[in-house]
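Inspection log for the structure reproduced underneath, given as structure tokens.
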Amino acid sequence: MKLSAVIPTKNRADELQVAAASILAQRRRPDELLVIDQSATEDGRRRLEALLAAQGDGIALRYVYDPSIRGLVHAKQVAAGIAQGDVVCFLEDDEVLEPGYFAEIERGFLDHPEMMGCCGLVTNLPPQPAGYVALFHLFHRGMFRDPRVGVHGHVQGSGLPLIPSDYLSGGLSCWRREVLERIPFDVDNGFHLLEDVDYSTRAARAFGHRFFINPNARLEHRLSPVNREVLGPRQQRKLREYLIFYKKRRGEPWAAAQLAWLLAGLLLEALSQCASVRRLAPLQGYFAGVREGVSWELKGGAN
């Protein structure tokens, strides 16, 4: 099995170098490292070329430097068109893999030939309180049901069974080539926070429920402050994207009721955040995102 590791990156040369070093430290290295770089400079390329020249035996580095690429989803679509692996593994540039990450990914696909895609496990997320997890699952129902909450940062151990999930985390998602050839990324509708659930649920619609969380493939997500939105704008983006996600699926049974219930839960979340930070920014972001999502007209054909 040939594995491709793909890292979209923008203006995070320090983080990219650390992420690449964790790839070189793998017991089972990927056959190809493909970097899609939208940065203002080529510092990342210079660092990775030096790193792989010293330590990169057996890995082919393919580096695409193109500042005109329009964000994360566009970068993934570019990568999907040129990656050579039988399985293509997307990563983020601020992640650090445990040494067995790719060995466990490969083992999962070989042991479960029916599996069309999976994601690994983030180990360093602080465990959410049981009450938060219960409320999250109470309000995220139907098309919004997300089995990942209560798994990342919670599940520990080795030799664990796969966890069925049509929601895969994009920054540690792995896909058989057939999925990428058949399902395009939605580069037209402004997805970022929900790009992964939009893509993975469309893949599940096409291939059936053949997607899993692999809790044995583990990494740390060392969240970089570069390119990250603050609380209010993040709420705004999240609400807008949830409404766009709904519009692409509003023909499903009970879709409107599921959306209304979700919006009620997200309103409670925004109010809780306002109380926590003692500012109105989360609530303002909530209503701004709802307005934007309601007025959004779907674009493109990746529906």
Side-chain angles (χ1 to χ4, degrees), residues 1-9 15-36 44 47-64 76 79-80 82-124 148 151-152 155-165 168-181 196 200 203 210-222:
M1 176 175 287
K2 185 175 181 180
L3 302 181
S4 293
V6 176
I7 306 179
T9 188
E15 294 90 336
L16 177 64
Q17 185 173 354
V18 174
S22 76
I23 292 175
L24 296 182
Q26 293 292 295
R27 294 197 301 267
R28 194 285 192 216
R29 289 179 168 185
D31 302 280
E32 170 187 54
L33 174 57
L34 172 58
V35 178
I36 310 296
R47 294 195 193 194
L48 256 63
E49 287 177 345
L51 186 63
L52 266 76
Q55 307 176 37
D57 291 347
I59 300 180
L61 174 64
R62 305 178 68 197
Y63 206 104
V64 176
K76 286 190 169 186
I82 59 178
Q84 299 296 307
D86 304 306
V87 171
V88 179
C89 303
F90 288 96
L91 298 166
E92 295 194 20
D93 55 12
D94 54 358
E95 293 173 339
V96 177
L97 313 183
E98 291 189 359
Y101 183 85
F102 282 107
E104 294 294 347
I105 290 294
E106 182 175 48
R107 186 197 312 275
F109 278 102
L110 291 175
D111 288 351
H112 299 273
E114 78 283 2
M115 183 167 70
M116 299 304 295
C118 72
C119 70
L121 185 76
V122 179
T123 60
N124 65 323
R148 298 172 301 173
V151 172
H152 292 298
V155 175
Q156 300 181 15
S158 60
L160 298 172
L162 301 179
I163 301 169
S165 177
L168 301 186
S169 300
L172 55 164
S173 60
C174 305
W175 310 93
R176 291 194 190 270
R177 170 178 295 281
E178 302 96 296
V179 177
L180 297 175
E181 289 174 344
D196 50 1
S200 57
R210 300 163 65 187
F211 300 88
F212 301 86
I213 300 169
N214 184 341
N216 304 298
R218 304 157 68 86
L219 58 76
E220 290 186 5
H221 193 182
R222 300 180 181 177

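Residues: numbered from 1 along the sequence shown.
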First locate atom [atom1] of [X], then atom [atom2] of [Y], and finally report the distance between them rounded to the nearest 0.5 Å.
X      : Y      : atom1 : atom2 : value
Met1   : Phe109 : CE    : CZ    : 7.0 Å
Glu15  : Thr9   : CD    : OG1   : 8.0 Å
Arg29  : Ile23  : CZ    : CD1   : 10.5 Å
Asn216 : Leu160 : CG    : CG    : 5.0 Å
Gln26  : Glu106 : CD    : CD    : 11.5 Å
Glu178 : Asp86  : CD    : CG    : 8.5 Å

Taking [X] for the side chain and [Y] for the main chain, is one N or O donor matched with an acceptor at less than 3.5 Å?
X     : Y      : value
Ser4  : Val88  : no
Arg27 : Pro99  : no
Arg62 : Ile36  : no
Lys76 : Gly170 : yes

- [ ] Decide yes or no on side-chain hydrogen bond (donor to acceptor under 3.5 Å, both in side chains) for Asn124 and His221, but give the supporting numbers first.
- [x] CA-CA 7 Å; Asn124 65 323; His221 193 182; over 6 Å; no

Taking the side chain as everything from C-beta on, heavy atoms only, tell me whether [X] gets closer than 4.5 Å to [Y].
X      : Y      : result
Ile213 : Val155 : no
Leu91  : Tyr101 : yes
Leu172 : Glu95  : yes

Heavy-atom closest contact ([X] atom, [Y] atom, distance):
X      : Y      : result
Val179 : Ala203 : CG1-CB, 3.9 Å
Trp175 : Gly117 : CE3-CA, 4.2 Å
Ala21  : Leu51  : N-CD2, 3.8 Å
Ser169 : Asp196 : CA-OD2, 3.6 Å
Ile105 : Cys89  : CG2-SG, 4.0 Å
Leu168 : Ser200 : N-OG, 3.2 Å

Task: Salt bridge flag under 4.0 Å for residues Arg222 and Glu220 - done: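 Yes, Arg222 and Glu220 are salt-bridged.
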
Open item on the list: Taking Lys2 first and then Glu32, would you say they form a salt bridge - that is, a charged N and a carboxylate O separated by under 4.0 Å?
Closed with: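 Salt bridge flag = no for Glu32 with Lys2.
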
Open item on the list: My understanding is that only residues two or more places apart in sequence, or in another chain, count here; which of them pass side-chain contact (heavy atoms from CB on, under 4.5 Å) with Leu162?
Closed with: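 Only His112, Met115, Phe212, Asn214 meet the side-chain contact (heavy atoms from CB on, under 4.5 Å) criterion with Leu162.
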
Open item on the list: Could you go through Tyr63 and Leu52, starting from their C-alpha distance and side-chain angles, then the distance that decides it, and tell me whether this counts as side chain to side chain contact (heavy atoms under 4.5 Å, CB included)?
Closed with: CA-CA 12 Å; Tyr63 206 104; Leu52 266 76; over 6 Å; no

- [ ] Evaluate the side chain to side chain contact (heavy atoms under 4.5 Å, CB included) criterion for residues Leu219 and Val122: first the C-alpha distance (whole Å), next the side-chain angles of each, then the deciding distance (0.1 Å), finally the verdict.
- [x] CA-CA 5 Å; Leu219 58 76; Val122 179; 4.1 Å; yes

Donor-acceptor pairs under 3.5 angstrom involving side-chain atoms of residues 53-61: please list them, not counting sequence neighbours.
none

Open item on the list: If the condition is salt bridge (charged side-chain N to carboxylate O under 4.0 Å, His left out), which residues does Glu98 pass it with, not counting sequence neighbours?
Closed with: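 Partners of Glu98 under the salt bridge (charged side-chain N to carboxylate O under 4.0 Å, His left out) test: Arg218.
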
